[in-house]
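Worksheet: one structure, shown below.
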Amino acid sequence: MIEYPGHMEVRAHEFRSQDLVAGDVVLDFVNTVTARDTEPIDWLDSYATLLTWARLAELPPAASPVLAAEAHAHPRRAARALADAKVLREALWGLFTALSEGSAPPPEAVARLTDSWRSAAAAVVLTDLAGRLEPTVTPETSGLAYPEHYVALRAVRLLENLPSPRLRVCGGRHCGWLFLDSSKAGRRRWCDMATCGNAEKTRRHRSADRP
Ligand SMILES: [Zn+2]
């Protein structure tokens, strides 16, 4: 069983669109921890921050005042829901990094995702999306577990059709983000050229300049 790692530093963060570069909402959720390659920093410092991330990541419905009000009324339950979401997140990190390396998915991570997925399945409603029925969860059916449930359903869907060769871990220092390489050539090494790619180039230039 994967426990939420206690050693990880939690730091408040203002989420921006640049934090969603993975090419899939599930991987973007895993990337709410940065610097996994060195000293990981967890950006989800509260349930309210999780909701901010969810809004930015466009989890339907875009805004969820229902959950904000519920979290406000039940802070301990909200803290529990946040902790559960993080346990899923760490399991997904273990799962997808293993798959990116061509390794077998760790059984404990699969077991954890199965738990979240079962819990999500109990809250599922079939929604008509332009004539196509799709299993979805809603804040009304999932309650405070909505973000966890949503990610669990999407994770299973992603795993069913995972483009494994395109799944990468960013090579940037203090990053460690997961992403799907959607470039034509399929040789993307960085989560984002504008941040990690340039930082890496600058670093290389600097070390090359040194006598
Ligand atoms: Zn990166």
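All residue numbers in this chain count up from 1 along the given sequence. Order of listing sets the numbers, starting from 1, for every ligand and every atom in it.
With values rounded to the nearest 0.5 angstrom, Trp177 atom CH2 is found 7.5 Å from Leu20 atom CG.
Protein atoms of type N/O/S that fall under 2.8 Å from the Zn ion (ligand 1) number 4 in this view.
In terms of modelled atom types and a separation under 3.5 Å, the side chain of Arg168 and the main chain of Arg188 share a donor-acceptor contact.
For the residue pair His149 and Ser119, a side-chain donor N or O sits within less than 3.5 Å of a side-chain acceptor on the partner. For the residue pair Thr114 / Arg118, no side-chain donor-acceptor distance below 3.5 Å is found, with atom types taken as modelled. In this structure, a donor-acceptor pair under 3.5 Å is absent between the side chains of Thr97 and Ser100.
Cluster annotation: Phe179 and Trp93 are assigned to distinct hydrophobic clusters (Ile/Leu/Val/Met/Phe/Trp/Tyr, side-chain heavy-atom contacts under 4.5 Å, transitive).
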